[in-house]
2 protein chains.
Amino acid sequence: MRHEERSPTLQDVAARAGVSVSTVSRVVTGSVAVEAGTAERVREAIAALEYRPNLLARSFRRRVTHTIGLLVPDTSNPFFAELARTIEDAGFAEGYSVILGNSDLSPVKQETYIDVLLAKRVDGVILASSGLIPRADGHDAVERILEAGVPCVVVDRDLGEMPVDQVLVDNERGGYLAGEHLLGLGHRRIACLVGPNDLTPSAGRIAGLRRALAEAGVAVAEEHLVRGNGRPDGGAAAARTLLGHGLDVTAIFAFNDQMATGAVGALQRAGCRVPEDVSVVGFDDIPLAAAIYPALTTVAQPIAEMGALGVRLLLDRIARRDAPWRRELLETRLVVRESTGPVTRREAEIEVARGSCEE
Amino acid sequence: MRHEERSPTLQDVAARAGVSVSTVSRVVTGSVAVEAGTAERVREAIAALEYRPNLLARSFRRRVTHTIGLLVPDTSNPFFAELARTIEDAGFAEGYSVILGNSDLSPVKQETYIDVLLAKRVDGVILASSGLIPRADGHDAVERILEAGVPCVVVDRDLGEMPVDQVLVDNERGGYLAGEHLLGLGHRRIACLVGPNDLTPSAGRIAGLRRALAEAGVAVAEEHLVRGNGRPDGGAAAARTLLGHGLDVTAIFAFNDQMATGAVGALQRAGCRVPEDVSVVGFDDIPLAAAIYPALTTVAQPIAEMGALGVRLLLDRIARRDAPWRRELLETRLVVRESTGPVTRREAEIEVARGSCEE
DNA sequence: AGCACCCCTGCAAACGTTTGCAGGATGCGG
DNA sequence: CCGCATCCTGCAAACGTTTGCAGGGGTGCT
């Protein structure tokens, strides 16, 4: 550690430039015009001292931190990693830094984080698909934030009529698109690989799938609805479960690309061909989805827009606290790649096929 | 927005409890004993008012923010996402929040970020494999931070004897392990898929590979060293380049799992079997590496330890600024999975094989 | 010359905490 | 009863900025 002195303050600069602190403050912020010569002397002093405004003091005084809090379930999930990335970018572009927190969907961790964020006086909070488990006293995370007078936008979690800004994606339609696609390829027996929770994104996706299937008069059997941990190994495990029951489906719809990837891998490893023996469709469209072979057919989420819009909504709210609540619904899009194809096994064969994929 | 009033302060609590602000402060912080009855009254007032300490004011006064800055190249890269995650976790466990920034390896973005972090008076910053391009005036990012008197630890970038805490991984040995493994399987013609930059991690890996090969009297040809953007599509593009030159290698060593995955996908899509026709080894061991088929053989980095150790070093430095510099070297580990196998094509066949993998 | 402005600058208060210092009360030993 | 230590509490200064207010000097107009 070289310097042990405190960093220079307005005081120091003022002394060196022979002016008052107010004047220095004014040239630093540019809030009020300062005579050219004076300003120049001040700037020299600033440069000489390597003065850096103490944003802590400024924020304290002005009651504005130019910092936002971002709470996501888990940044090692590529979807949230990407979302966080775009939010960070958009925030940075507008002069905001972001304090990032992983909630792991744990109510207590989330509570703790919100306390910290509020105490640190962030200008706003973005809650991503998290923070939504009501507490015993009925105040959920969103209400606590709002009651503290701090702007908040919820991303990727449908809170319905609740008075809060929301940006969400049409999960129902995403599920529907996947169902429709699979149906069009002749699939009738479809497994559904759901995530670790039943938050609204999951609920919407399965509802959409069911609607599509219902229109064709088919249903998803209870034993074809298998739950995974949301990660690749969970997808693989789920696929093995399906295999263990004798694979009596011709298609799998996974609720995210990681599980889909894990499922594809496990299927192939067991000797099943994708898509010849079983088709797989994922959700999210993470970068890796297009890279693997077979490339994943998947329901793409507009992650970048979600992040950018979330930031926009938050900044708008910060600027105008009494504006009407907004609820933005973004579209999903089916991107067809290599992991889905027409059914080749006739319905009748399926029963016979039980166990045929195994080594 | 419900409440428009300012949030309650020590003043308000003091007034309600009929004591002085100092007393309230003392029960809040527990710094000095307070008589039981008084303390109880104060606590009631705090609860009634929903008082929340203004951490901004406290930090300002105490000159400690309990916030650290984390600068990484890009959190959408799974390696950094995971690293950031473990750092966030370790920090949270110790009562620190983290302000996250993506530098994109851009010097100006990085400069800007460091300015912000220093101005916001973070207690320390962790620089991940970034921030290391010297400026015109010779002061690189690390020096600027250190000169400001702010603790700093560098992760995943070897700064040699530079006086700064470093945690790094033995990239050279990682490259060596990969080379050794491939050599043992009979591979002699090996392509190397390097990343978008020549920072020390890349340099170490290729040096290690070269050392292993040199021991067996083989070299990596200039045209077998191809550069990718570090992402899956870059890996795929690189594989296609190799294919275009007639695939005259039997193995590919990619500098991260994403490029490796992209390469594997592109190879398979072109009709090449992995590992029968060409073996592929990656680096990092991201979760998806084990999920795809064939599962990636890869050089695993101890990401969690890197993050945890980085935080440890930083907190130690914050606590004791004059402690000797530490430079921790972590080990890599080869994990052999399915994407590598013995060469099946004899050397002589390779020339004939040119183009054989293509459709 | 007087007056009204405008431009620039300094003074001082304020933001919400923490903390050194001192004072009042209490208890205890001599 | 005195001296002294201990415990609890309040006072007020300080942290580094911002900003309302006021004052001084200049300019232009009447």
Side-chain angles (χ1 to χ4, degrees), chain A residues 5-43 45-46 49-67 116 118-123 148-150, chain B residues 5-43 45-46 49-67 116 118-123 148-150:
Chain A
E5 335 95 53
R6 343 179 310 301
S7 35
T9 71
L10 281 186
Q11 278 284 5
D12 305 323
V13 178
R16 187 177 227 269
V19 296
S20 73
V21 287
S22 340
T23 301
V24 180
S25 171
R26 293 192 257 255
V27 352
V28 170
T29 63
S31 57
V32 175
V34 168
E35 202 250 336
T38 316
E40 192 47 39
R41 285 211 317 285
V42 170
R43 267 189 290 272
I46 287 178
L49 264 37
E50 292 191 321
Y51 167 76
R52 204 188 304 273
N54 183 331
L55 256 34
L56 224 45
R58 175 181 295 176
S59 292
F60 168 49
R61 175 59 220 246
R62 286 205 183 149
R63 330 177 91 82
V64 167
T65 54
H66 280 277
T67 302
V116 173
L118 294 182
K120 288 196 173 168
R121 300 306 200 250
V122 294
D123 291 345
V150 175
Chain B
E5 335 94 54
R6 341 179 311 302
S7 34
T9 72
L10 281 186
Q11 279 282 5
D12 305 322
V13 178
R16 186 176 228 269
V19 297
S20 74
V21 288
S22 338
T23 301
V24 181
S25 171
R26 292 193 259 256
V27 352
V28 170
T29 64
S31 58
V32 174
V34 168
E35 201 252 335
T38 317
E40 192 46 41
R41 284 211 317 286
V42 170
R43 267 189 290 272
I46 287 178
L49 265 37
E50 294 190 319
Y51 167 76
R52 205 189 302 276
N54 184 332
L55 257 33
L56 225 46
R58 176 181 294 176
S59 294
F60 167 50
R61 174 60 221 246
R62 286 208 184 145
R63 331 176 92 83
V64 167
T65 54
H66 279 278
T67 303
V116 173
L118 294 181
K120 288 196 172 165
R121 298 307 200 252
V122 294
D123 291 345
V150 174

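By convention in this document, chain letters (A, B, ...) are assigned in the order of the sequence lines, proteins followed by strands, and residues within each chain are numbered from 1.
Applying the 4.0 Å criterion to OP1 and OP2 of D/dC15, one finds that B/Arg58 has every side-chain N and O outside that range. Residue A/Arg6 places at least one side-chain N or O under 4.0 Å from the OP1 or OP2 atom of D/dG16. Residue A/Ser20 places at least one side-chain N or O under 4.0 Å from the OP1 or OP2 atom of C/dG10.
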Query - Step-by-step side-chain contact (heavy atoms from CB on, under 4.5 Å) determination, A/Val19 to A/Val24 - result: CA-CA 7 Å; A/Val19 296; A/Val24 180; 3.7 Å; yes
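Atom CD of A/Glu40 sits in a crowded spot, with more than 12 heavy atoms from other residues, nucleotides or ligands closer than 6.0 Å.
For B/Thr38 against D/dC8, no side-chain N or O and base N or O form a donor-acceptor pair under 3.5 Å. Not a single donor-acceptor pair, N or O on each side, falls under 3.5 Å between the base of C/dC8 and the side chain of A/Thr23.
Rounded to an integer number of Å, the gap from A/Asp12 CG to D/dT17 P is 9 Å. C/dC15 atom P lies 18 Å from atom CG of A/Leu56, rounded to whole Å. One interatomic measurement links the two molecules: CZ of B/Arg121 to P of C/dT17, which rounds to 21 Å at whole-angstrom precision. Here the P atom of nucleotide D/dG10 and the CZ atom of B/Arg41 are 9 Å apart, to the nearest Å. At whole-Å resolution of the value, CD in B/Gln11 and C1' in C/dC15 are 11 Å apart. Rounding to whole angstrom units, CD of residue B/Glu35 and P of D/dG10 are separated by 11 Å. Remark: C1' of C/dG16 and CZ of A/Arg63 are 9 Å apart, rounded to the nearest angstrom. Distance B/Leu10 CG to C/dC15 P: 13 Å, rounded to the nearest Å.
Across D/dT19, C/dT18, D/dG16, the shortest atom-to-atom separation from the side chain of B/Arg62 is found for C/dT18. Of all nucleotides listed (D/dT18, D/dG10, C/dG16), C/dG16 comes nearest to the side chain of B/Asn54. Listed nucleotides: C/dT19, C/dT17, C/dC8. Nearest to the side chain of A/Ala33: C/dC8. Comparing atom distances between the A/Thr9 side chain and each of D/dG10, D/dT17, C/dA12 picks out D/dT17 as nearest. Nearest to the side-chain atoms of B/Ala57 among the listed nucleotides C/dG16, C/dC8, D/dT18 stands C/dG16.
Nearest-nucleotide assignment on DNA chain D puts the 5′-proximal partner with B/Val32, out of A/Phe60 and B/Val32.
Side-chain atoms of B/Thr65 never come within 3.5 Å of backbone atoms of B/Ser59 as a donor-acceptor pair (strictly under, hydrogens ignored). With A/Asp123 contributing its side chain and A/His66 its backbone, the two residues share a donor-acceptor pair below 3.5 Å.
Using a 4.0 Å heavy-atom cutoff across all strands shown, A/Thr29 reaches sugar-phosphate atoms only and no base atom. Within 4.0 Å (heavy atoms only), B/Val28 reaches no atom of the nucleic acid at all.
Listed by first then second residue, pairs satisfying salt bridge (Lys or Arg N to Asp or Glu O under 4.0 Å) with a partner in residues 11-34 of chain A read A/Arg6-A/Asp12, not counting sequence neighbours.
In this model, no donor atom of one side chain and acceptor atom of the other lie less than 3.5 Å apart for B/Ser22 and B/Ser25. A side-chain N or O of A/Thr67 and one of B/Lys120 form a donor-acceptor pair less than 3.5 Å apart. In this structure, a donor-acceptor pair under 3.5 Å is present between the side chains of B/Arg121 and A/Ser7.
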For nucleotides 21-25 of chain D, list the nitrogen or oxygen atoms of the protein found under 3.5 Å from its nitrogen or oxygen atoms, one pair per line.
none

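Shortest non-hydrogen contact noted between B/Phe60 and A/Ala57 is CE1-CB, 3.6 Å. The two residues B/Leu56 and A/Leu56 make their nearest non-hydrogen contact at CD1-CD1, 4.3 Å.
No side-chain heavy atom of B/Leu55 sits less than 4.5 Å from a side-chain heavy atom of B/Arg62.
Remark on the helix from C/dA1-D/dT30 to C/dG30-D/dC1: inter-end axis angle 50°, axes from five-pair C1' superpositions, rounded to 10°.
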